[in-house]
Amino acid sequence: MPIRETFWNIPHWAEITQYVLALLTAIVFLYGILRHVLRWRKGKPEKRFDRLGGRLWSFIVQVFGQRRTLDEAYPGIMHFTIFWGMLVLAIGTALATVDWDVTHLFFGFQFLTGWVYIIFELTLDILGLLVIVGLGMAIYRRYASRPARLQNFPAKALARDDAYVLIMLTLITISGYLTEGLRLAVTQPEWAVWSPIGNVIAAAFLSIGDPTNQALHLVIWAFHILTAFGVLAFLPFTKLFHIFSVPLNIFFRSMKPAGALPAANMEGGMGVKEWKQFTWKQLLDFDSCTRCGRCQDVCPAYASAQILSPRNMMIKLDAHLWDKNGHSLHGEVIAADELWACTTCRACVQVCPAFIDHISTFVDMRRHLVDQGRMDKMLQDALANVGRYGNSFGQSDRMRAKWTQGIQPPVPDARREPVEYLWFVGDYASYNATLTEITRMTAAVFQKAGLNFGILYDGERNSGNDVRRVGEEGLFEMLAEKNSQVLSKVQFQTIVTTDPHTYNTLKNEYKWDGNRPNILHYAELLDQLICAGRLKFSKKLGYKVTYHDPCYLGRYNDVYDAPRRVIEATGCQVIEMPRCRERAFCCGAGGGRIWMEEKDIKERPSESRIREAVNLEGVNTFVVACPKDATMYRDAVKTTGNESRLAVKDLIELVHAAL
Amino acid sequence: MKIAVPVKFVPDLVEELTIDPSGAALDTSWLRLIINEFDDHAVEQAILLKERGGGQVTVMMTESDGADDFLFTAAAKGADQLVKLTGDFSSINNHALAHVYADLLKELQPDLVLTGVQAHNDIDGAVGPLLAELLGLPYVGYVAGLTVQGDKAVVRKEYSGGLVAEIEVKLPAVLGIQAAEQPPRYVAYSKIRQVMGTAKIEERPVAGLDLSGGTAVSRLFQPEAAERATMLEGGADEVADRLVAIFKEIGTL
Amino acid sequence: MSQDIFVVIEHLRGEVAEISYVMLAGARQLSQSSGGNVTAILLGHNAQGLTGNLAADKALYVDHAALAEFTSDAYITALAGPIREHAPRAVIFGHSSIGMDIASGLSAKLGLPIVASCRSFTAEGKFVSQICGGKIMAEGDLPGPTALVTMVPGGYKAEQGQSAQPPAVTTVPAPTLEGLRVALKQYIEPDTSDVDITKEAMLVSVGRGIQNKDNIGLANELAEALGCAVSASRPVVDQGWMPTTRLIGKSGKRVKPKIYLALGISGAPEHVEGMADSNVIIAINTDQNAPIFTVAKYGATIDMFDLLPVLTEKVKQAK
Ligand SMILES: Cc1cc2nc3c(=O)[nH]c(=O)nc-3n(C[C@H](O)[C@H](O)[C@H](O)COP(=O)(O)OP(=O)(O)OC[C@H]3O[C@@H](n4cnc5c(N)ncnc54)[C@H](O)[C@@H]3O)c2cc1C
């Protein structure tokens with residue numbers, strides 16, 4: 001009957017030694033794990049046990065299914081094979097141990113016998129091969145194709161850690177095969193064919209013959225055991241620790257809407273001054289980074305000036321947790337410029353296979369800088385203006401509705417009469433002189449559709465979305481309070497806004513006393529109006545256009561299809577840019593960047609985006625659905641000299657033209 | 001060292017200024033008040049001095065919309081004592097204000113009084129030099145930076161053309177601040193809120209202002225249209241064409 | 001009591017400041033409605049020669065070693081006597097680093113009314129002051145008996161206050177100047193290594209509207225195309241975006257180029273006094289109510305970031 005004599009050819013002393021080693025390994029390993037857990041527990045509390053079902057499901061999909069890792073083919077398959085190969089080999093080893101040291105030892109029976117044993121051997125043999133393939137891909141990628149995102153780590157030791165992992169895993173797998181092959185070469189069981197790879201190796205050793213093979217077997221077995229135990233024992237001290245931290249991090253990921261930023265720490269000043277003020281989950285984030293660099297690849301701040309790399313931020317923060325030299329978090333570990341460079345576009349968070357939330361960490365640290373008044377003058381002025389006048393333009397609140405002058409019939413004041421739709425206009429659409437035309441056009445379209453709508457006139461204030469992301473939590477709260485106060489006195493059913501930033505914070509961050517009204521982006525409203533037949537088009541525009549997904553509409557709120565349907569309804573054809581939908585490239589204005597000085601920019605994100613669009617065959621119109629985008633991209637077509645090739649149009653301009 | 005900073009609010013020029021029916025005053029129903037920017041620099045300079053050499057900073061102002069917010073903001077920056085004068089200040093002028101402040105300062109006995117060098121609505125002189133004379137103290141204005149050395153201050157006084165005079169003043173003295181050594185700092189709202197819970201504003205009632213020193217204005221008006229420029233209309237293209245033509249005509253091109 | 005108008009002559013390091021001539025011109029106009037003489041008061045040490053081209057009927061000269069350089073303390077003490085004694089109709093000071101240090105102090109010391117920021121006098125002898133950053137003018141009767149006035153430039157040309165005929169000088173004995181609390185230690189010279197913007201035939205001048213340091217490049221490009229220099233308003237210099245040597249205005253340089261192109265400058269009086277004498281001022285500003293349009297010959301309400309690239313291009317083509 002097919003069965004394996006466990007510890008074949010292994011002298012008793014070696015067997016005993018192995019168990020002693022196993023014990024030592026367990027001690028070192030557990031100590032290592034404990035070290036991490038204790039470190040996380042130094043963080044501030046945060047509740048992450050809600051929605052257990054959802055957590056479990058995403059755990060299964062993301063850990064066992066490797067869903068997000070597989071978003072990129074090469075590294076996805078590479079990791080998938082190593083992950084599943086190693087997982088099965090580990091389970092196999094565990095089964096063999098149970099088989100021998102539990103059921104056989106205590107109950108006198110073994111289950112790895114007969115056809116079960118054959119399946120067992122076959123599976124392990126094949127999956128081992130998968131691991132080899134995966135490791136080969138990894139080695140090729142890291143040392144031959146060398147993508148930029150795997151280069152230039154902040155510390156040299158990290159590259160050694162990466163090499164160590166690849167070498168050790170390779171050694172373990174190969175020495176495992178050799179041990180098996182040598183055993184098969186000596187014992188030559190009839191079921192050896194079920195270990196195809198071991199069998200091939202056995203054939204190679206046959207010519208050498210015993211007793212050399214037996215001696216070789218013992219030596220290689222010992223090597224295999226030693227490397228395996230070594231890797232296991234020190235696993236918590238190497239990059240391999242991610243096999244624990246990442247699944248945990250995935251399980252404990254935020255289940256809140258992406259657009260709801262966690263509240264600020266207020267103990268000992270606002271924000272995070274030193275690492276212990278991060279929550280345990282943020283510390284787990286840092287510990288989970290495998291420095292795969294996907295975040296860096298999609299980061300607009302990295303692409304435009306290389307000041308900020310989300311990957312390096314995580315690496316540096318993690319190193320800082322263990323640093324005994326007392327470097328200060330702000331200044332020595334993380335420079336203010338890195339923090340300010342973030343546009344909060346969420347591209348990094350969206351691609352991170354470990355589900356790290358970089359942005360909450362950056363904002364927490366920005367909060368500390370704001371608390372200290374450490375920010376550039378332009379930003380100071382913008383915040384002071386928002387605080388004083390309710391808008392970043394530093395204009396009188398009485399000028400907020402100046403754009404309505406001359407509109408007939410006049411735009412109703414929602415504070416005076418009940419309306420169905422309350423239009424929250426937002427700062428840019430209200431004050432930016434170059435956007436007035438678009439704002440007026442929006443009003444015209446609403447009027448054409450027979451919408452019962454009104455605005456708040458000078459009662460409206462900056463919604464605070466970007467103020468919050470800059471880190472000025474107190475000001476955000478004040479703005480939210482004031483807007484909520486005004487809104488509480490207005491009768492309306494639905495809020496509509498053209499500004500995705502406003503949309504996001506109204507929808508996800510305002511409190512509404514548990515009674516949130518319906519909140520729509522105008523793309524959604526237009527889509528509804530078109531579907532309901534309230535907005536009828538008389539023309540088919542017939543343009544070939546491309547559409548830019550605003551970060552706060554797309555990635556933050558998953559509104560991708562409504563604007564596209566609206567564009568198509570006007571008779572235009574949407575040609576997608578390579579970076580679209582979840583992968584859309586930020587214009588560079590978000591997170592308060594629009595209020596800050598640009599420093600040493602190589603290529604503005606908006607310019608890179610325009611170049612991307614210009615490369616699309618036949619596309620002559622770049623459609624935006626965000627007032628800030630309109631200003632950013634109108635600028636960028638000029639600065640890139642593409643004015644004659646590409647027209648930047650707001651969604652409403654298409655709708656208006658097609659009416 | 002005790003530093004006192006008497007400040008005042010002025011009409012915010014961001015708002016469109018309108019003249020009331022009497023024609024001799026600004027229409028206050030449309031006015032929004034803001035700290036005189038040079039007073040804001042004076043507060044900053046006081047805080048900087050305190051941070052550098054220690055001391056106690058007292059900020060004082062008359063009651064008005066936003067006064068509490070301003071005082072708490074000053075406290076959040078580092079001011080130690082906040083004084084708000086209460087009473088009817090609707091028709092106050094700088095002479096009367098200087099008298100009110102002088103009374104308070106005689107009590108406080110500061111080593112240094114910092115005020116903004118001017119305010120855009122000063123019509124009867126600036127508060128700083130009036131105050132200095134009432135207190136019998138020396139005054140130096142147009143100050144952009146200073147150091148205190150014992151019972152003297154060495155100040156940087158600005159003249160036109162970029163010329164700077166280093167001047168030694170015996171303390172106590174009143175200085176008119178033109179610019180603090182760094183622009184007024186930003187204070188986070190959370191900090192101001194925190195201070196609101198801990199800092200106290202001392203209220204000082206003021207009765208019977210002496211308004212006799214003021215300067216009467218009989219008419220206010222906006223600069224006349226006749227003095228206005230010829231406006232070049234059109235977009236960037238048209239304006240640029242006109243400008244090039246003007247450059248050529250005048251011969252700089 | 002007299003109907004004379006006194007003008008406190010400002011001078012620094014052996015040179016009469018331009019504002020003094022503007023004040024004399026104002027005094028001349030005022031004297032016509034008051035019916036008195038114009039008297040220049042000069043304080044200094046061995047400085048009598050400075051009265052040479054003052055358009056005044058008379059000059060009073062006070063000489064003292066402590067008056068060699070301006071200090072508020074000595075000036076107030078030295079001026080109090082003559083003002084009290086002559087009780088003129090008005091005493092005019094500059095609304096400047098010198099005049100503002102002493103005028104208000106004298107007002108409090110002597111119990112005399114004061115009018116600040118006066119830009120001109122009307123034919124009836126009323127004052128017209130410029131307040132609220134140049135957005136509002138305030139008119140009123142000159143208070144009595146003796147009005148102290150601080151004058152801003154803009155209302156009169158300096159030449160109107162100059163004369164080929166020197167005034168008769170009366171030397172007035174100086175009071176005792178002891179126990180002075182204010183003393184000049186030294187002057188710190190402005191940097192002269194940079195271009196001298198006062199010598200440029202044209203200036204491209206940028207204000208706070210330029211937004212940040214990087215954008216200065218846009219102005220540089222235009223200036224390069226035009227072959228002229230870039231100057232700036234105070235906020236731009238305070239931010240460190242341009243060196244102090246390029247500052248125009250009260251605390252900077254006074255310039256008189258053929259063309260002064262003001263980009264994103266609001267036209268605050270402190271700025272205007274540095275460039276008001278330019279031959280042609282052209283203002284580009286998005287705010288149609290900006291006071292700069294009241295001093296400019298040409299203006300356009302347009303975003304300078306829209307204009308600059310186009311203009312630079314057209315200038316290059318025109319060459
Ligand atoms: C004692 C004293 C001395 C001073 N000395 C000087 C001095 O020597 N020189 C000096 O300049 N100031 C001086 N000042 C400061 C002066 O009072 C003003 O604060 C300053 O001149 C304002 O500068 P600004 O016009 O650049 O800025 P702001 O007044 O802020 O004006 C900016 C302008 O730019 C416009 N703008 C904004 N964006 C755009 C755009 N995209 N396109 C076109 N226009 C735009 C705005 O409409 C606004 O009018 C002094 C002040 C004091 C009290």
Side-chain angles (χ1 to χ4, degrees), chain B residues 11 13 17 98 118 120-126 129-130 132-134 138-142 154 157-170 173 179 183 213 215-223 227-232 236-237 239-241 243-244 246-248 250-253, chain C residues 12 72-73 97 100-101 103-105 107-109 113-116 129 131-133 135-141 143 181-188 190 201-202 226 228 238 244-245 247 250-253 258-259 280 282-283 291 293-294 296-300 302 306-307 310-311 314-315 318:
Chain B
L13 297 183
L17 302 176
Q118 67 169 49
H120 67 64
N121 68 346
D122 287 345
I123 188 88
D124 62 329
L130 287 170
E133 201 56 47
L134 295 178
Y139 173 82
V140 178
Y142 281 68
V154 177
K157 177 179 174 66
E158 290 196 349
Y159 285 110
S160 61
L163 183 69
V164 170
E166 217 174 64
I167 290 182
E168 202 173 77
V169 200
K170 269 226 184 72
T215 297
V217 169
S218 53
R219 183 168 83 98
L220 289 184
F221 58 97
Q222 270 147 356
E227 298 177 25
R228 287 185 68 88
T230 312
M231 299 306 278
L232 313 177
D237 248 0
V239 172
D241 283 336
L243 288 178
V244 170
I246 294 169
F247 295 164
K248 279 189 179 150
I250 298 171
T252 54
L253 192 70
Chain C
L12 210 54
S72 52
D73 224 9
S97 195
M100 283 173 70
D101 264 20
S104 298
S107 163
K109 189 183 183 85
I114 176 171
V115 177
S129 285
I131 57 171
C132 296
K135 286 190 164 174
I136 298 282
M137 307 302 279
E139 190 185 275
D141 291 325
R181 301 157 297 181
V182 180
L184 175 79
K185 282 186 75 174
Q186 60 165 332
Y187 288 113
I188 300 166
M202 174 165 180
L226 285 161
C228 69
D238 283 349
T244 332
T245 45
L247 175 61
K250 194 183 195 98
S251 38
K253 301 242 168 70
K258 284 192 194 158
I259 298 185
V280 172
I282 306 174
F293 291 126
T294 62
K297 175 141 189 229
Y298 300 102
I302 181 171
D306 287 339
L307 178 69
V310 184
L311 183 57
K314 296 209 185 227
V315 167

>> Report which part of C/Ala318 has an atom under 4.5 Å of a heavy atom belonging to chain B: side chain, backbone, both, or neither.
In response: both
>> Under 4.5 Å from any heavy atom of chain B, what part of C/Leu184 do you find: side chain, backbone, both or neither?
In response: both
>> Quick check on the interface: out of C/Ala201, C/Ala283, C/Gly252, who has the most heavy-atom pairs with chain B under 4.5 Å?
In response: C/Gly252
>> So, taking the atom named OG1 in B/Thr230 and the one named CZ in C/Phe293, what distance separates them when rounded to the nearest 0.5 Å?
In response: 11.5 Å
> In a check of side chain to side chain contact (heavy atoms under 4.5 Å, CB included) between B/Leu243 and each of C/Ile259, C/Val310, C/Leu311, which one passes?
Replying inline: C/Leu311
> Hey, does the side chain of B/Ser218 reach the backbone of C/Glu139 with a donor-acceptor pair shorter than 3.5 angstrom?
Replying inline: yes
> For chain C, which of B/Leu130, B/Val244, B/Asp122, B/Val169 has the most heavy-atom pairs under 4.5 Å?
Replying inline: B/Leu130
> Does the side chain of C/Cys132 come within less than 4.5 Å of B/Leu13's, by heavy atoms?
Replying inline: yes
> Among B/Lys248, B/Gln118, B/Glu166, B/Lys170, which has the most heavy-atom pairs under 4.5 Å with chain C?
Replying inline: B/Glu166
>> Between C/Lys185 (side chain only) and B/Val154 (backbone N and O only), is there a donor and an acceptor less than 3.5 Å apart?
In response: no
> Which pair of heavy atoms, one from B/Glu133 and one from C/Ala108, lies closest together, and at what distance?
Replying inline: CB-CB, 3.6 Å
>> Does any backbone or side-chain atom of C/Ile302 lie under 4.5 Å from a heavy atom of chain B? Answer side chain, backbone, both or neither.
In response: side chain
> Checking B/Ala132 against chain C: side chain, backbone, both or neither under 4.5 Å from a heavy atom?
Replying inline: neither
>> Under a 4.5 Å cutoff for heavy-atom pairs, which residue among C/Leu247, C/Thr245, C/Ile114 has the most contacts with chain B?
In response: C/Ile114
>> Using every non-hydrogen atom in the two residues, find where B/Ala240 and C/Lys314 come nearest and quote the distance to one decimal.
In response: CB-CD, 3.9 Å
>> Quick check for you: among C/Ile282, C/Ile188, C/Leu226, which has the greatest number of heavy-atom pairs under 4.5 Å with chain B?
In response: C/Ile188
> What option among C/Leu12, C/Val115, C/Asp141 has the most heavy-atom pairs under 4.5 Å with chain B?
Replying inline: C/Leu12
> Is any side-chain heavy atom of C/Lys297 less than 4.5 Å from a side-chain heavy atom of B/Ile246?
Replying inline: no
> Counting distance only, does the side-chain N/O of C/Ser72 pair as donor-acceptor with the main-chain N or O of B/Val140 below 3.5 Å?
Replying inline: no
>> Please classify the contact of C/Val280 with chain B as side chain, backbone, both or neither, using a heavy-atom distance under 4.5 Å.
In response: side chain
> Quick check: does any side chain N or O of C/Ser104 sit under 3.5 Å from a backbone N or O of B/Pro129, one acting as donor and the other as acceptor?
Replying inline: no
> What is the minimum heavy-atom distance between B/His120 and C/Ile131, and which atoms define it?
Replying inline: O-CB, 3.4 Å
> Do you know which of C/Gly140, C/Ala300, C/Pro190, C/Pro113 has the most heavy-atom pairs with chain B at a distance under 4.5 angstrom?
Replying inline: C/Pro190
> For C/Ala138 and B/Leu220, which heavy atoms make the closest approach, and how far apart are they?
Replying inline: CB-CD2, 3.4 Å
> Which region of C/Thr244, side chain (C-beta onward) or backbone (N, CA, C, O), has a non-hydrogen atom less than 4.5 Å from a non-hydrogen atom of chain B, or is it both or neither?
Replying inline: neither
> Do you know which of C/Pro143, C/Ser129, C/Ser107 has the most heavy-atom pairs under 4.5 Å to chain B?
Replying inline: C/Ser107
>> Please classify the contact of B/Ala179 with chain C as side chain, backbone, both or neither, using a heavy-atom distance under 4.5 Å.
In response: side chain
> Heavy-atom distance under 4.5 Å between the side chains of B/Ser160 and C/Lys250, does that happen here?
Replying inline: no
> Do you know the tightest heavy-atom contact between C/Ser97 and B/Glu158?
Replying inline: OG-O, 2.6 Å
> Distance from B/Ile250 atom CD1 to C/Lys258 atom NZ, nearest 0.5 Å?
Replying inline: 9.0 Å
>> Looking only at heavy atoms and a cut-off of under 4.5 Å, which of B/Val239, B/Asp237, B/Leu17, B/Leu163 has the most pairs with chain C?
In response: B/Leu163
> Do you know the tightest heavy-atom contact between C/Leu307 and B/Ala236?
Replying inline: CD1-O, 3.6 Å
